[in-house]
**Student:** 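The following block contains the structure, expressed as structure tokens.
Below, chain A is the first sequence line, B the second, and so on; all start at residue 1.
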There are 2 protein chains.
Amino acid sequence: MEASEQSTSDLAKQAIQVCLCFHSRKGARAITQVFDRALAPSGLKATQLSLLMVVGARQPIKIGALADDLVTDSTTVSRAIKPLLARNLLDIEQLSGDRRIKSLRLSSEGRRMLDLAIPLWQTAQTQVVRQLGNTMVQALLPGLEAASRLGPANPD
Amino acid sequence: MEASEQSTSDLAKQAIQVCLCFHSRKGARAITQVFDRALAPSGLKATQLSLLMVVGARQPIKIGALADDLVTDSTTVSRAIKPLLARNLLDIEQLSGDRRIKSLRLSSEGRRMLDLAIPLWQTAQTQVVRQLGNTMVQALLPGLEAASRLGPANPD
DNA sequence: CCATATAACATGTATATACATATTATTATG
DNA sequence: CATAATAATATGTATATACATGTTATATGG
């Protein structure tokens, strides 16, 4: 019983149902929307708060190390920090002897902003955890952690 | 034993470790990077292939329905289809009597592109599934599905 | 039927993201 | 030590994403 000769639409249906790229992005969009709305009073986007939190947790941190932590391109970090620098939430400085390297820290305004935003973050986090249930969250976080460690290819 | 009076950095460390927004986005970035690289020969981004697959699975589909399926803003869909329309991978048409509504379909070139891209997609999908392991994938997909159904707030 | 509210889609603006490439500084090599 | 290779960051360009707002068409109330 040959199952081949499938229509393009059937192939698409089967692929989209299991596509980890589609579903991870769709889930991330839905979650981000909840956080963005909760954070609106702070004037921060969810992505910006994440960046501030990582800097706060790891400061002083080099641009490149931040890119690694975020699993993002360093050119993305270069630009992502701009609105935060413009609002004086981050300090950028040459700490090392290597003059190519720039390090980031929370400014005092950045710390104040984090203190203000974290309660809003907690509201969103609690809301999502409650809606998903602890069991699902306990399954989701390790899966996402594992995904974020995906290598460039199959290291056979 | 008062645990309060925590430094901003400590708060940030604790929050970022469990933040569902941060981790969902970071995981989605990592996964998207794998798919984008596998799809490079097709000239499609992973997001564009997802859109083509959803249209292929549900055609003809209205812009608004597509936005709902993608858990994205309809203004995002308005723009996301532009590069695909420019490459003639999608047809857009007024099907219904309501002249506001536009419906999308795969064009014949869109079908050819899907047939060409799905094997590349399968390579990426298989790579990610193999690296994560079936158990993790079976945990991840339902979690992401649940996340994508997050409501606007707590519907108590 | 007309005025108004609402719905569907598009556009303005801002940020997020990545690849190709440029710039500058450091390291390695002959 | 001078030059070539490499590393860290920035910029050009394109797409992804969302909110505020605009446009046009349909629906609704009087």
**Student:** Consider the side chain of A/Q48, meaning its heavy atoms from C-beta on, and name the nucleotide among D/dC19, C/dA16, D/dG12 that approaches it most closely.
**Tutor:** C/dA16
**Student:** Once you round it to whole Å, what is the distance between C1' of C/dA18 and CG of A/D68?
**Tutor:** 15 Å
**Student:** Take the protein atom CD1 of B/I63 and the nucleotide atom P of D/dT24, then report the distance between them rounded to whole Å.
**Tutor:**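 Going from B/I63 (CD1) to D/dT24 (P), I get 17 Å.
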**Student:** Please work out if B/T47 contacts a base, only the sugar-phosphate, or nothing of the nucleic acid, heavy-atom cut-off 4.0 Å.
**Tutor:**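 Answer is sugar-phosphate: B/T47 comes under 4.0 Å of backbone atoms only.
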**Student:** Starting from C1' on C/dA18, measure out to CZ on B/F35 and report it in whole angstrom.
**Tutor:**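 To the nearest whole Å, that distance equals 17 Å.
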**Student:** Which is more 5' along DNA chain D, the nucleotide nearest A/A30 or the one nearest A/V77? Just name the residue.
**Tutor:**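 Nearest-nucleotide comparison on DNA chain D picks A/V77.
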**Student:** With respect to the phosphate group of D/dT17, does any side-chain polar atom (N or O) of A/T32 fall under 4.0 Å of OP1 or OP2?
**Tutor:**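 So the side chain of A/T32 is outside the cut-off, no N or O lying under 4.0 Å from OP1 or OP2 of D/dT17.
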**Student:** State, with a plain yes or no, whether a side-chain heavy atom of B/L95 is found less than 4.5 Å away from one of B/I101.
**Tutor:**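 No, side chains not in contact.
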**Student:** Could you give me the CA-CA distance, side-chain angles and deciding distance for B/T123 and B/Q127, then say whether side-chain hydrogen bond (donor to acceptor under 3.5 Å, both in side chains) is met?
**Tutor:** CA-CA 6 Å; B/T123 300; B/Q127 177 189 331; over 6 Å; no
**Student:** The test is side-chain hydrogen bond (donor to acceptor under 3.5 Å, both in side chains); show your working for B/D73 and B/T75 and say whether it passes.
**Tutor:** CA-CA 5 Å; B/D73 199 273; B/T75 68; 2.7 Å; yes
**Student:** How long is the line joining CG of B/D73 and P of C/dT11, in whole Å?
**Tutor:**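 About 15 Å, once rounded to whole Å.
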**Student:** For B/S107 and B/D91, run side-chain hydrogen bond (donor to acceptor under 3.5 Å, both in side chains): C-alpha distance rounded to whole Å, both residues' side-chain angles, the deciding distance at 0.1 Å, then the answer.
**Tutor:** CA-CA 5 Å; B/S107 66; B/D91 287 338; 4.7 Å; no
**Student:** Reading DNA chain C from 5' onward, which residue's closest nucleotide shows up sooner: A/K45 or B/Q33?
**Tutor:**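 Closest to the 5' end, via its nearest nucleotide, is A/K45.
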**Student:** Among residues 84-112 of chain A, which ones have heavy-atom contacts with DNA chain D below 4.0 Å?
**Tutor:**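 A/R100, A/I101, A/K102 - these, ordered by number, are the residues of the stretch whose heavy atoms sit under 4.0 Å from the strand.
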**Student:** Starting the side chain at C-beta, find the nucleotide from D/dC19, D/dT11, D/dA16 nearest to B/T75.
**Tutor:** D/dC19
**Student:** Between B/L39 (CG) and C/dA18 (P), how many Å, whole number?
**Tutor:**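 Atom CG in B/L39 sits about 15 Å away from atom P in C/dA18.
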**Student:** Do B/F35 and A/C19 touch side chain to side chain, with heavy atoms closer than 4.5 Å?
**Tutor:** yes
**Student:** Below 4.0 angstrom from OP1 or OP2 of C/dT17, is there any side-chain N or O of B/R29?
**Tutor:** yes
**Student:** Atom CZ of A/R37 to atom P of D/dA18: distance rounded to whole Å?
**Tutor:**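 Distance, rounded to whole Å: 8 Å.
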**Student:** Does a distance-only test, which skips hydrogens and angles, find a donor-acceptor pair under 3.5 Å between the side chain of A/R25 and the base of C/dT17?
**Tutor:**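 Absent.
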**Student:** Consider only side-chain heavy atoms of I, L, V, M, F, W and Y, link residues closer than 4.5 Å, and tell whether A/L66 and A/I92 are in one cluster.
**Tutor:**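 The answer is yes; both residues are in one hydrophobic cluster.
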**Student:** Hey, is NZ on A/K26 packed in by over 12 heavy atoms from elsewhere, all under 6.0 Å?
**Tutor:** yes
**Student:** Remember a base hit wins even if backbone is also touched, and classify B/T76 as base, sugar-phosphate or nothing at under 4.0 Å, heavy atoms.
**Tutor:**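 If one applies the 4.0 Å heavy-atom cut-off, B/T76 turns out to touch a base.
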**Student:** Output the rounded distance in Å from CZ (B/R79) to C1' (C/dT17).
**Tutor:**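 Atom-to-atom, B/R79 to C/dT17, this comes out as 16 Å.
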**Student:** What's the CG-P distance between A/D36 and C/dT15, to the nearest Å?
**Tutor:** 13 Å
